[in-house]
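Each chain gets a letter, A, B and so on, in the order its sequence line appears, and its residues count up from 1.
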Amino acid sequence: MPELPEVETVRAGLAPFVTDATVTSVEVRRESVARLLPGGGSEFAARLAGATITGAVRRGKFLWLPLRRSEDPADAGASESLSAHLGMSGQFRVHTAADAPEPHPHCRARMTLHRAGEDLVLDFLDQRTFGYLHVEDLLHTPDGLPGGHGMADPQVPLSVAHIGRDALDPHLDARAASRAWRTGRRGIKQLLLDQTLVSGIGNIYADEALWLARVNPERPAHAVNPATASALLSATQDVMRSALAQGGTSFDALYVNVNGQSGYFARGLEAYGRGGEPCRRCGHPLRRETIGGRSTHWCATCQRRYSPRRAGAH
DNA sequence: AGTAGCACCTGATTGC
DNA sequence: TGCAATCAGGTGCTAC
């Protein structure tokens with residue numbers, strides 16, 4: 001369940017189960033899930049076993065669980081994390097050890113946690129295998145501000161260092177972000193999807209935000225004015241907050257929270273998946289075309305490639 | 001330097 | 001019915 005609202009739903013669902021839990025066993029069921037480690041699954045298991053998870057943090061679509069190695073909670077802050085990316089189809093599922101089912105065919109790793117006298121099973125499922133698990137160092141943020149949502153530590157994993165602050169991060173520099181979105185000759189949709197500028201926006205919410213702000217996905221970034229860029233950021237935040245309030249967007253069982261339940265935002269979508277259907281603002285049929293390799297849905301009537309000239313401007 | 005294109009996968013659905 | 005083509009919510013690398 002891959003964009004910011006869905007990953008945040010997972011993070012928030014995970015946090016109460018994994019915080020202060022110690023990893024007691026790790027079973028890698030598909031080697032490629034730990035492909036970022038030179039030693040693969042065995043290195044992943046070895047580095048994770050015995051560590052205690054101190055929380056659940058997210059920046060954009062990137063998720064990590066900071067690790068502490070000592071049993072002493074007064075020990076210094078975490079310097080490593082269990083990092084995860086859900087890719088297109090990743091899921092975390094939590095069970096009590098007694099209720100855990102046989103691993104699903106898509107289960108790529110199963111971890112056992114011990115927390116408050118109870119044993120828990122944490123499964124990572126991923127049909128398409130674009131997701132991954134990783135153990136890596138945490139780095140200090142250049143600005144000394146918190147690295148992501150869910151923890152105050154000014155740290156991010158190495159693999160997240162190049163990822164921009166996300167659209168709902170209170171420390172996002174909105175002016176710098178809208179400037180970045182107005183730079184270059186790519187279509188604006190491609191900039192919304194560029195995780196190094198503002199993170200967390202994926203193919204669904206890019207189309208939704210562009211529809212809300214009435215901007216054509218192919219409008220060149222350099223033709224976006226500051227007011228429009230700022231309106232686009234607001235639209236992105238609005239649609240993501242609404243989606244988050246409903247547990248995210250899901251169309252099927254591939255995208256579920258840690259309890260296996262689906263979010264309800266799919267019924268709130270105005271553009272994504274509505275090609276050929278009438279625009280709810282103007283009634284004209286929405287277009288659907290592939291742009292930059294991603295299917296894109298928009299209203300060619302409401303969403304103009306160039307902003308309309310104001311009356312009085314020559 | 002910025003950008004487009006492709007590679008990485010599995011499985012469900014569509015069309016012939 | 002069977003099989004090939006197409007499609008899917010992401011990211012990173014490579015080559016222009």
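Within 6.0 Å of atom NE2 in A:H284, 12 or fewer heavy atoms from other residues, nucleotides or ligands are found, so the atom counts as exposed in its surroundings. Other residues, nucleotides and ligands place no more than 12 heavy atoms under 6.0 Å from the CZ atom of A:R175.
Distances from the side chain of A:P2 to the nucleotides C:dA8, C:dG12, C:dG10 place C:dG10 closest. Which of B:dG11, B:dA4, C:dG9 sits closest to the side chain of A:Q190 comes down to B:dA4.
For the strand DNA chain C, secondary-structure stems (runs of at least three Watson-Crick or G-U pairs, all distances below 3.5 Å) span B:2-8 with C:10-16, B:10-16 with C:2-8.
The pair A:D194-A:R186 meets the salt-bridge criterion, since a charged nitrogen lies less than 4.0 angstrom from a carboxylate oxygen. Using a 4.0 Å cut-off between charged nitrogen and carboxylate oxygen, A:E80 and A:R69 count as a salt-bridge pair.
Using a 4.0 Å heavy-atom cutoff across all strands shown, A:R30 reaches sugar-phosphate atoms only and no base atom. At the heavy-atom level, A:S32 lies nowhere under 4.0 Å from the strands shown.
Remark: ring of A:F130 overlaps the six-membered base ring of B:dC8 in a stacked fashion, centroids less than 5.5 Å apart, planes less than 30° apart.
Per the geometry, CD belonging to A:Q127 stands 18 Å off P belonging to B:dC8, to the nearest Å. Between the CZ atom of A:R128 and the C1' atom of B:dC9 there is a distance of 7 Å, given to the nearest Å.
Taking the P atoms as reference points, B:dC6 lies 15 Å from C:dT6, given to the whole Å. Annotation: C:dG12 and B:dG11 have their P atoms spaced 24 Å apart (nearest Å).
The phosphate of C:dG9 has OP1 or OP2 within less than 4.0 Å of a side-chain N or O from A:Y272.
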